[in-house]
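Model, not experiment: these values are computed from the prediction. The chains referred to below are lettered A, B, ... by the order of the sequence lines, with proteins before strands, and numbering in each begins at 1.
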Protein chains: 2
Amino acid sequence: MVRKTKEDAEITRRHLIDAARRVFLECGVSRSTLEKVASVAGVTRGAVYWHFKNKTELFFAMREQAILPFVDRVVFDAEDEDPLAGIEAALREIIQILVDQPATRETFEIISFKCEYVDEFAAMMQCTAGQLDFLRQLGEAYARAGQRGVLRAGLVPEALAYDTFLFAGGLIKHWLSSAPDEHFRGGVDAMIRTHVALRRA
Amino acid sequence: MVRKTKEDAEITRRHLIDAARRVFLECGVSRSTLEKVASVAGVTRGAVYWHFKNKTELFFAMREQAILPFVDRVVFDAEDEDPLAGIEAALREIIQILVDQPATRETFEIISFKCEYVDEFAAMMQCTAGQLDFLRQLGEAYARAGQRGVLRAGLVPEALAYDTFLFAGGLIKHWLSSAPDEHFRGGVDAMIRTHVALRRA
DNA sequence: CTATTTACATACATCCGCGTTTGTATAAAC
DNA sequence: GTTTATACAAACGCGGATGTATGTAAATAG
């Protein structure tokens with residue numbers, strides 16, 4: 001019994017991506033072998049090469065799935081009467097995604113720490129469209145905050161946006177690299193509050 | 001003529017570390033072969049294995065050299081009458097080190113983007129003693145700023161320190177990944193000023 | 001019901017990088 | 001002036017990962 005139905009094949013494909021995530025996380029992308037991925041998925045390398053051209057394509061297939069939750073869940077409401085609260089909520093939501101979506105969290109950990117940005121992966125170093133969009137939305141939210149008068153005087157929305165952007169990136173990175181029971185994770189909420197409070201009038 | 005004098009050997013060792021940095025930066029640590037490193041250094045793999053146990057040891061030898069400039073140049077003056085200005089200066093100094101010490105900059109780029117944190121490299125994920133020290137010094141500087149009354153009211157030094165710590169990390173990372181002529185690099189000074197200004201009374 | 005395609009498993013050939021070993025000319029020790 | 005240790009170069013053997021080629025049983029198309 002080798003040949004499977006179309007749905008079975010799709011399941012195999014997902015199993016392969018799941019297995020790849022596990023192996024990448026443990027061994028790093030470079031040291032991960034397609035043999036390991038296949039065996040974790042309960043198949044052979046033949047299945048891998050059937051569904052994907054090579055390890056690179058498998059990696060990007062895995063990566064794509066992790067981006068979706070963010071565009072869905074991290075949104076800014078332009079009608080919000082307190083844009084700063086919206087920013088604060090967005091920051092908390094980012095961390096929350098990492099909390100309740102282990103696959104996304106693991107993929108981010110791989111992208112952040114278990115992958116070398118050379119050759120085929122070099123392009124990943126630049127900000128993604130999603131990141132740039134997040135940066136832009138931060139700027140717009142800060143601009144609205146300024147108009148509504150909840151912002152401290154004399155602050156440039158763009159500079160604030162970048163500051164928060166870097167803060168968010170650092171937050172994610174340190175949250176990922178910290179142990180679940182570590183002191184850092186408990187303090188995240190307070191850090192987010194402090195960060196936003198600094199901007200309030 | 002094979003056997004060299006002790007000084008010659010030391011020169012070879014440095015050449016190897018320089019070559020390793022170049023190759024690591026171009027190929028990533030995993031894809032870097034000791035053959036490439038050796039040939040760039042103008043020697044053979046024999047020389048590499050004479051001076052270093054393996055690629056890992058060569059990597060850490062390279063890494064160690066990049067940490068020194070920071071402990072030397074990023075200092076906080078406890079007697080400073082404006083600790084916030086001291087923090088601002090420290091942040092600027094960090095970027096300045098990257099500007100005028102290409103080797104340090106390249107090593108940081110390798111550590112940030114061209115290296116997978118698994119197995120022997122997994123320990124690197126945690127904050128180094130130097131980083132923790134930087135974090136601590138930030139906290140103390142903010143505490144002094146509070147005592148001198150230059151800090152905004154109601155701010156906790158520790159939270160501020162962490163915010164600045166994440167900011168600095170993000171700043172370095174984005175500075176490294178940005179092109180020399182990119183808009184981002186020109187805006188760094190303003191971003192540092194904004195970041196610190198947010199905390200001023 | 002037959003033909004063909006699918007979804008893999010299996011087998012094969014190749015190359016690459018690593019660690020080790022051996023060789024060797026010279027510097028340093030005595 | 002020997003002897004020994006040094007600082008490499010050159011050669012060896014090895015496993016491991018990759019990509020491809022082939023085999024094959026079942027699903028699907030006609």
Identify, residue by residue, the members of residues 18-42 of chain B with a heavy atom below 4.0 Å from DNA chain C, and return them in order of residue number, or none.
Ser32(B), Thr33(B), Leu34(B)

Between [Y] and [X], is the closest basic N to carboxylate O distance under 4.0 Å?
X: Arg200(A); Y: Asp82(A); answer: yes
X: Glu109(A); Y: Arg105(A); answer: yes
X: Lys6(B); Y: Glu10(B); answer: no

Among dC8(C), dC8(D), dA9(C), which nucleotide has an atom closest to any side-chain atom of His51(B)?
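Among the listed nucleotides, the one closest to the side chain of His51(B) is dC8(D).
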
Spacing of OG belonging to Ser39(B) relative to CZ belonging to Arg45(B), to within rounding of 0.5 Å:
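Going from the OG atom of Ser39(B) to the CZ atom of Arg45(B) covers 11.5 Å.
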
Please tabulate the protein-to-nucleotide N/O contacts below 3.5 Å involving nucleotides 11-13 of chain C, giving atom names and distances.
none

Separation of atom [atom1] in [X] from atom [atom2] in [N], rounded to whole Å:
X: Phe52(B); N: dC18(C); atom1: CZ; atom2: P; value: 15 Å
X: Glu7(A); N: dA7(C); atom1: CD; atom2: C1'; value: 13 Å
X: Asp8(B); N: dC8(D); atom1: CG; atom2: P; value: 8 Å
X: Asn54(A); N: dT20(D); atom1: CG; atom2: C1'; value: 13 Å

Could you work out, with side chain to side chain donor-acceptor pair (under 3.5 Å) as the rule, every residue matching Asp72(A), not counting sequence neighbours?
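With neighbours one apart ignored, the set is empty.
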
Among residues at least two apart in sequence or on other chains, which ones pass side chain to side chain donor-acceptor pair (under 3.5 Å) with Thr107(B)?
none

On DNA chain C, does the nearest nucleotide to Thr44(A) precede the nearest nucleotide to Lys53(B) from the 5' side, or the other way round? Give the residue.
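Between the two, 5'-proximity favours Thr44(A).
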
Take Gly46(A) and Gly46(B), find for each the nucleotide of DNA chain C with the closest heavy atom, and name the residue whose nucleotide sits nearer the 5' end.
Gly46(A)

Specify whether Phe59(A) and Phe121(A) have parallel, tilted or perpendicular ring planes, treating 30° as the upper limit for parallel and 60° as the lower limit for perpendicular.
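Taking Phe121(A) first and then Phe59(A), their aromatic rings stand perpendicular (interplane angle over 60°).
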
When the ring planes of Phe70(B) and Phe108(B) are compared, do they come out parallel, tilted or perpendicular, using 30° and 60° as the limits?
tilted

Per the end-axis method with five pairs at each terminus, what is the bend angle of the helix from dC1(C)-dG30(D) to dC30(C)-dG1(D), to 10°?
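One end axis against the other gives 10°.
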
Hey, is the side chain of [X] poking within less than 4.0 Å of OP1 or OP2 on [N], counting only N and O atoms?
X: Trp50(A); N: dC8(C); value: no
X: Lys55(B); N: dC18(C); value: yes
X: Thr5(B); N: dA28(C); value: yes

Taking the side chain as every heavy atom from C-beta outward, state whether Leu155(B) and Leu198(A) have any pair of such atoms under 4.5 Å apart.
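Heavy-atom side-chain distance check passes, below 4.5 Å.
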
Could you walk me through whether Arg63(A) and Phe24(A) pass the side-chain contact (heavy atoms from CB on, under 4.5 Å) check?
CA-CA 11 Å; Arg63(A) 176 185 129 99; Phe24(A) 287 164; over 6 Å; no

Minimum-distance pair of heavy atoms, taken over all atoms of Met124(A) and Phe60(A):
SD-CE2, 3.7 Å

Spell out, as yes or no, whether a donor-acceptor pair under 3.5 Å connects the side chain of [X] to the backbone of [Y].
X: Glu116(A); Y: Ser30(A); value: no
X: Arg185(A); Y: Ser178(A); value: yes
X: Lys173(B); Y: Gly170(A); value: no

Taking only heavy atoms on the protein side, list every residue of residues 9-16 of chain B lying under 4.0 Å from any atom of DNA chain D, sorted numerically.
Ala9(B), Thr12(B)

